[in-house]
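When a ligand or atom number is given, it counts from 1 through the structure's own listing order.
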Amino acid sequence: MNSYDVAIIGSGPGGYVAAIRCAQLGMKTAIIEKYATLGGTCLNVGCIPSKALLDSSHHYEDAVKHFEEHGIDIPSDIKVNLKQMIARKQSVVDTTTGGIDFLMKKNKIDVYQGLGSFKDATHITITGEETTEIEAKNTIIATGSKPSNLPFIKLDKERVITSTEALKLTEIPKHLIVIGGGVIGLELGQVYKRLGAEVSVIEYMDRIIPTMDAGLSKELNKVLKKQKFSINASHKVKSVERKGAEVIVKADNKKGEEVEFKGDYCLVSVGRRPYTDGLNAEAAGVKLNDRGQVEVNEHLQTSASNIYAIGDVIKGAMLAHKAEEEGTFVAETIAGQKPHIDYNLIPGVVYTWPEVATVGQTEEQLKEAGLEYKTGQFPMRALGRSRASMDLDGFVKVLADKKTDEILGVHMVGARAADMIAEAVVAMEFRASAEDVSRMSHAHPTFTEAIKEAALAATDDRALHI
Ligand code: FAD
Ligand code: NAD
């Protein structure tokens, strides 16, 4: 039987990064994946394919809506080739997952294909084409998550679908009904909106992206309405029925009146649930909590002391970069180091256009904590860069401690916000004040000038260009 210092169950961004870091630290490492390709949700049916389709659909939308104004004449019968768009997405996925195979080989990590199941705390049975057993001194559970559903919805995966099917449709929906105005619903909703679908978003809470700063929800809501999305917040979905090629969704609005939505596809995007099916966690003494997450302590150690868990299968944000940080954290912990993660500084991004990005505390959280803070906000439309590219929507908001001026949160909607948020993360990691950021030179013309201006506004209300 093969014996390892560390075995990792699951090869998503949590698992494969943990494996690389373990190998870098000199540990004999194995990774177990039940699917034929490595990379987990993120690479196969998550981050990467969704961004590939967002990019393709963005090009199409630009061609249809903006090329003429830029002085580029194109034929009036420009068309979407959905088959090619989906094929390109798949080739991006294939290249990316192939890259993980390369990294596993490069780092001399043994890859086992099959379902990993605990026999006890130091033995794992792997059921693939053949059944194998391995021994591991330490194990990292990185089994990720699967889409959640509402109890009364039957997902037929043809017309009542999850994100996985939405990434490989064979036709553009005429009317896509999206249940859940969170990250997946808005990103994939925007893909099909750009390609010509009517899109209706039904959200249970009183605003879309309800966990983010309310200012971001309001701005994104405004922009999406301009893009002709139908946004229906404070709606409680009560039934989803498929009749042939039609899907009928009934919901109660805020006043308790029934509203009916008729479409040809319904995307259910109401969150994801931790995935531990077939893991046989009990056999290893690993406890789950009442939400089905693997219970961990501050070292990400489970109730079995040689078994750790990371990523979507434990508490916290379900984000690839959070899983990656935890993978590194656990590898270094096993190696006897003392790593650290500041969960407050894990950024969140919605890859709609304009993009939404956030780090640190929201205004709602600061108010609830009773902290005194000041706000500096700067609109993207006041930037020369925004006018040059016609990306006028959005703003950057800097929240800083009223007394010390330390930055407590940065929230933005705008072109390239996903990349810009890194500046705020760096500043906050080094506990910068708003004035520190306002005194740093930002290249002109760039979108990042909005961060400097918002920091100036937070320092003492002295933004320069507004
Ligand atoms: P996963 O990536 O879910 O990987 C777990 C792996 O474990 C899977 O491959 C699974 O097959 C395997 N596995 C499970 N059980 C076993 C077993 N018993 N034996 C063997 N293998 C097993 N996050 C971002 O940060 N940015 C984004 O832009 C983004 N976009 C997304 C878009 C979509 C449509 C979706 C669905 C998700 C997106 N996410 C995004 C979330 C991101 O994909 C997850 O947070 C991330 O993949 C979690 O990583 P993980 O390693 O914890 O688990
Ligand atoms: P989410 O939590 O972002 O959004 C789910 C939405 O559904 C919420 O707004 C919630 O209020 C709403 N909802 C819940 N129950 C409802 C109901 N009964 N009726 C109507 N609305 C309801 O979850 P998601 O969009 O499904 O994404 C799942 C996970 O994947 C998220 O945790 C997210 O972090 C991750 N993800 C991240 C990215 C990214 O980083 N860009 C992209 C996609 C997914």
Within reach of ligand 2, part of K236 (heavy-atom separation under 4.0 Å): neither

Counterpart residues, salt bridge (charged side-chain N to carboxylate O under 4.0 Å, His left out), relative to E257 (two or more places apart): none

Selection from H321, M318, M212 by shortest heavy-atom distance to atom 36 (N) of ligand 2: M318

Matching residue for I134 among T122, I126, D110 - test: side-chain contact (heavy atoms from CB on, under 4.5 Å): I126

Lys/Arg cation over aromatic Y4: K28, 6.0 Å, 45° cone: yes

From A357, G182, G271 - option closest to atom 23 (O) of ligand 2 by heavy atom: G271

Per-residue contact class, L319 against ligand 2 - non-hydrogen pairs under 4.0 Å: side chain

Side-chain donor-acceptor contact under 3.5 Å, N107 with Q24: no

Counterpart residues, side-chain contact (heavy atoms from CB on, under 4.5 Å), relative to T29 (two or more places apart): I8, A19, C22, A23, M27, I109

Geometric N/O contact I179 with ligand 2, under 3.5 angstrom: no

Contact partition for L150 relative to ligand 2, non-hydrogen atoms under 4.0 Å: side chain

Listed partners of K119 passing side-chain contact (heavy atoms from CB on, under 4.5 Å), at least two apart: H123, T125, E133

Polar contact flag for V183 and ligand 2 (N/O pairs, less than 3.5 Å): yes

Contact residues of ligand 1 (heavy atom under 4.0 Å), by chain and number: I9, G10, S11, G12, P13, G14, G15, I32, E33, K34, Y35, G40, T41, C42, V45, G46, C47, S50, K51, G114, L115, G116, A142, T143, G144, S145, S163, I184, R272, Y275, G311, D312, M318, L319, A320, H321, A323, Y351

Shortest protein contact, atom 20 (C) of ligand 2 (heavy atom only): Y204 N, 3.3 Å

